[in-house]
Amino acid sequence: MTDSFNPRSLLVTGGCGFIGSSFVHWVVSNTDCNVIVLDKLTYAGNPKNIEGLPTDRVELVVGDICDTKLLDRLVPQVDAVVHYAAESHNDNSIANPEPFLKTNVEGTYRLLEACRKYDKRFHHVSTDEVYGDLALDDPAKFTEETPYHPSSPYSSTKAASDLLVRAWHRTFGVKATISNCSNNYGPYQHVEKFIPRQITNILCGIKPKLYGDGLNVRDWIHTEDHSSAVWTILTKGRIGETYLIGANGEKNNLEVLHSILEAMGKSQDDFDWVKDRPGHDRRYAIDSTKLMTELGWQPKHTDFAQGLADTIQWYRDNEDWWRPVKEATEIKYAKNGQ
Ligand code: NAD
Ligand code: DAU
């Protein structure tokens, strides 16, 4: 038995980031729901990501999810909060964990308190990294039953935020759901992340950089499929439940890099091996049977080569979007030997 929910208005936190903005586009294109985006516009947030959307349906409020006065103003105006805002990059969390504690843990707590106060539905967007990692030769995948075992400051703060959501549901009756998704790719992803970093390196004449032995496996999903899954869970998911989101996209980093090099006309060895990430998770893999069988969700972007080619084309066509932040991102990596 699923719960049915038909929201007319949403507060989307982090809606100027990579995945949050994809969700805002998805909601505008596929539903009648109106959206307030609450985004602090950190280095990772860009208002261009939601530019051109109808202003009578999407309003941007620049602010912090830790600002309780602001939440007191915004949360009563909507039917539900969909919570994407986070510090999201593992390497940054190793260099400086503090903002991760503040936004990912305190920010989630503040939103939960506001949803409790105003009796609002809450959907928490989380990551498969809360489960730690799997061995390369292990046939297992993560399920909703897998014990939490996060490795990095980023994933441990996301795990903490998931546990807060579970506690606020059980103790205070907050009407919450949680989703844990695998690695997203697609347009509008910050150039600090693996796939856009390598594409934009090649476009800048810099060699792609591969960590460690390159055999770490990630389970890739197109961000539009993540968005349709979150909408499905928000509107049909059972309150108090967790759903894993994935699209059977396991590939190791070397394979992904080879695909990028081939698609961009470069030879297969035209990249640098660089220092590994401390604590680097070996493999992620998602079993999304529950989401597929209980809620009937299916991914649409099942051809990774095509999705990657479209993503490469997007970065070719949108240099003015990524150029302004590319140099600073590479300087940060270079200081770290990566
Ligand atoms: P991102 O870094 O691209 O965007 C994060 C957004 O949150 C930015 O717009 C930023 O300005 C905003 N933000 C940060 N701190 C804020 C604060 N205190 N108040 C308000 N806004 C704030 O991240 P992303 O990759 O789009 O990830 C979005 C969410 O999805 C995160 O919760 C992340 O944990 C989760 N997730 C990401 C992936 C992935 O592959 N990128 C996979 C699974 C889950
Ligand atoms: O699994 C979901 C998670 O995926 C999300 O929760 C995170 O927000 C998101 O950033 C992502 O985390 P990863 O650490 O897996 O993503 P990242 O793009 O940083 O790295 C992907 C893989 O590529 C990882 O094994 C590290 C490797 N890598 C990364 C960079 C930036 C390289 O080999 N070279 C690089 O230059």
Side-chain angles (χ1 to χ4, degrees), residues 12-23 37-47 49-50 61-67 70-71 82-94 99-100 102-104 106-108 110-111 124-131 133 142 150-152 154-155 157-158 161-162 179-186 188-198 201 208-221 223 226 230 245-246 251-254 256-257 271-277 280-286 329-330 333 336 338:
V12 177
T13 72
C16 289
F18 164 48
I19 310 180
S21 64
S22 163
F23 181 73
V37 168
L38 171 58
D39 199 299
K40 191 178 170 185
L41 299 182
T42 66
Y43 81 96
N46 188 339
N49 297 7
I50 54 167
V61 176
V62 178
D64 195 322
I65 56 169
C66 297
D67 180 344
L70 183 57
L71 297 186
V82 183
H83 177 34
Y84 286 90
E87 288 293 335
S88 69
H89 195 44
N90 275 299
D91 293 319
N92 293 344
S93 81
I94 295 165
F100 289 74
K102 180 83 182 156
T103 288
N104 300 2
E106 183 189 331
T108 303
R110 299 282 174 210
L111 287 163
H124 182 58
V125 177
S126 192
T127 169
D128 58 358
E129 295 194 14
V130 299
Y131 301 113
D133 62 354
F142 298 138
S151 314
S152 74
Y154 161 68
S155 55
T157 59
K158 290 298 291 187
S161 68
D162 291 12
S179 54
N180 297 84
C181 187
S182 59
N183 283 66
N184 284 221
Y185 76 99
Y188 296 104
Q189 188 168 28
H190 195 280
V191 295
E192 70 190 354
K193 302 295 200 292
F194 179 59
I195 289 180
R197 183 181 185 204
Q198 314 315 336
N201 272 10
K209 313 288 178 196
L210 197 60
Y211 293 178
D213 63 7
L215 298 181
N216 303 65
V217 170
R218 296 295 181 264
D219 190 351
W220 294 98
I221 180 172
T223 190
H226 188 180
V230 167
I245 306 173
K251 285 182 185 13
N252 75 38
N253 296 336
L254 186 59
V256 174
L257 181 55
F271 67 88
D272 292 331
W273 298 97
V274 294
K275 203 175 87 181
D276 206 357
R277 173 186 285 170
H280 195 176
D281 280 339
R282 200 55 168 156
R283 170 175 162 251
Y284 305 139
I286 289 270
T329 305
E330 285 308 308
Y333 275 124
N336 208 27
Q338 292 179 315

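As the structure lists them, so they are numbered: ligands from 1, and atoms in each ligand from 1.
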| Between Asn253 and ligand 2, is there a nitrogen or oxygen pair with a distance under 3.5 Å? | yes
| request: Give yes or no for whether the N/O distance cutoff of 3.5 Å, strictly under, is met between Ser182 and ligand 2. | output: no
| task | Output yes when the distance from some N or O of ligand 2 to some N or O of Trp220 is under 3.5 Å, and no in every other case. | result | no
| Numbering the atoms of ligand 1 from 1, which are under 4.0 Å from a heavy atom of Gly63? | 19 (N), 20 (C)
| task | Of the side chain and backbone of Asp128, name the one, both, or neither that has a heavy atom under 4.0 Å from an atom of ligand 2. | result | side chain
| query | For ligand 1, is any non-hydrogen atom under 4.0 Å from Lys102's backbone (N, CA, C, O), its side chain (CB onward), both, or neither? | reply | neither
| What protein heavy atom sits nearest atom 3 (C) of ligand 2, and how far away is it? | Glu129 OE2, 3.0 Å
| field | Check: Tyr154 N/O within less than 3.5 Å of ligand 2 N/O | value | yes
| task | Could you see which bit of Leu210 sits under 4.0 Å from ligand 2, with heavy atoms only: side chain, backbone, both or neither? | result | both
| field | Sub-4.0 Å heavy-atom approach of His190 to ligand 1 | value | no
| Would you say Asp39 and ligand 1 have an N/O pair spaced under 3.5 Å apart? | yes
| query | What protein heavy atom sits nearest atom 4 (O) of ligand 1, and how far off is it? | reply | Gly17 CA, 3.4 Å
| said: With heavy-atom distances below 4.0 Å as the criterion, list the atoms of ligand 1 near Cys181. | reply: 42 (C), 43 (C)
| query | When you measure from atom 10 (C) of ligand 1 to every protein heavy atom, which one gives the shortest distance, and what is it? | reply | Thr42 OG1, 3.3 Å
| Do any N/O atoms on Arg197 end up under 3.5 angstrom from N/O atoms on ligand 2? | yes
| request: For Lys209, take its heavy atoms, then give the atoms of ligand 2 lying under 4.0 Å from any of them. | output: 32 (C), 33 (O), 34 (N), 35 (C), 36 (O)
| said: Under a 4.0 angstrom heavy-atom cut-off, which atoms of ligand 1 come close to Ala44? | reply: 2 (O), 8 (C)
| query | When you measure from atom 41 (N) of ligand 1 to every protein heavy atom, which one gives the shortest distance, and what is it? | reply | Ile19 CD1, 3.5 Å
| query | Partners of Tyr284 by ring-ring contact (aromatic ring centres under 6.0 Å, His included), sequence neighbours excluded? | reply | none
| query | When the ring planes of His280 and Tyr211 are compared, do they come out parallel, tilted or perpendicular, using 30° and 60° as the limits? | reply | perpendicular
| So which of Asp67, Thr103, Leu41 gets nearest to atom 15 (N) of ligand 1, if we judge by its closest heavy atom? | Thr103
| Which heavy atom of the protein is the closest neighbour of atom 23 (O) of ligand 1, given with residue, atom name and distance? | Ser88 OG, 3.2 Å
| query | Between His83 and ligand 1, does any nitrogen or oxygen pair lie at a separation below 3.5 Å? | reply | no
| query | Between Lys209 and Asp272, is there a side-chain N and carboxylate O pair less than 4.0 Å apart? | reply | yes
| remark: Nearest non-hydrogen contact to atom 5 (C) of ligand 1 from the set Ala86, Ser22, Pro47, Gly14 belongs to Ala86
| query | Looking at Tyr154, which atoms of ligand 1 are within less than 4.0 Å of one of its heavy atoms? | reply | 33 (C), 34 (O)
| Among Asn92, Ile65, Val62, whose heavy atom sits nearest atom 19 (N) of ligand 1? | Ile65
| request: List every atom of ligand 1 that sits less than 4.0 Å from any heavy atom of Asp64, numbering the atoms from 1 in the order shown and giving each element. | output: 17 (C), 18 (N), 19 (N)
| task | Using a strict 4.0 Å cut-off to heavy atoms of Val125, name the atoms of ligand 1 that fall inside it. | result | 30 (O), 32 (O)
| query | Does the N or O separation between Tyr284 and ligand 2 drop below 3.5 Å for any pair? | reply | no
| Quick one: nearest non-hydrogen protein atom to atom 8 (O) of ligand 2, plus distance? | Ser88 O, 2.7 Å
| remark: shortest atom 21 (C) of ligand 2-to-protein heavy-atom contact is with Phe194 CB, 3.6 Å
| Got a salt bridge between Asp128 and Lys158, using NZ or NE/NH1/NH2 to carboxylate O under 4.0 Å? | no
| request: For atom 40 (O) of ligand 1, grab the closest protein heavy atom and report residue, atom and distance to one decimal in Å. | output: Asn184 N, 2.9 Å
| query | Which class fits the ring pair Tyr84 and Phe23: parallel under 30°, tilted 30 to 60°, perpendicular over 60°? | reply | tilted
| request: Pick one of side chain, backbone, both or neither for how Pro99 approaches ligand 1, counting any non-hydrogen atom pair under 4.0 Å. | output: neither
| said: Measuring from atom 19 (O) of ligand 2, which candidate in Arg277, Arg283, Lys193 has the nearest non-hydrogen atom? | reply: Arg277
| Who's the nearest protein heavy-atom neighbour of atom 33 (O) of ligand 2, and how far? | Tyr211 N, 2.9 Å
| query | Going by the order shown, which atoms of ligand 2 are within less than 4.0 Å of some heavy atom of His280? | reply | 24 (C), 25 (O), 26 (C)
| remark: In this structure, atom 44 (C) of ligand 1 is nearest to the protein heavy atom Ser126 O, 3.1 Å
| query | Considering only protein heavy atoms, which is closest to atom 16 (O) of ligand 2, and at what distance to one decimal place? | reply | Asn183 ND2, 3.5 Å
| For atom 21 (N) of ligand 1, the protein heavy atom that lies nearest, with its residue and separation | Lys40 N, 3.0 Å
| said: Using a 4.0 Å cut-off to any heavy atom of Tyr84, which atoms of ligand 1 qualify? | reply: 28 (C), 29 (C), 31 (C), 32 (O)
| task | Would you mind checking which non-hydrogen protein atom is closest to atom 32 (O) of ligand 1, with the distance to 0.1 Å? | result | Lys158 NZ, 2.7 Å
| query | For atom 15 (O) of ligand 2, which protein heavy atom lies nearest, and how many Å away is it? | reply | Arg218 NE, 2.7 Å
| field | For Asn183, the ligand 1 atoms whose distance to one of its heavy atoms is below 4.0 Å | value | 40 (O)
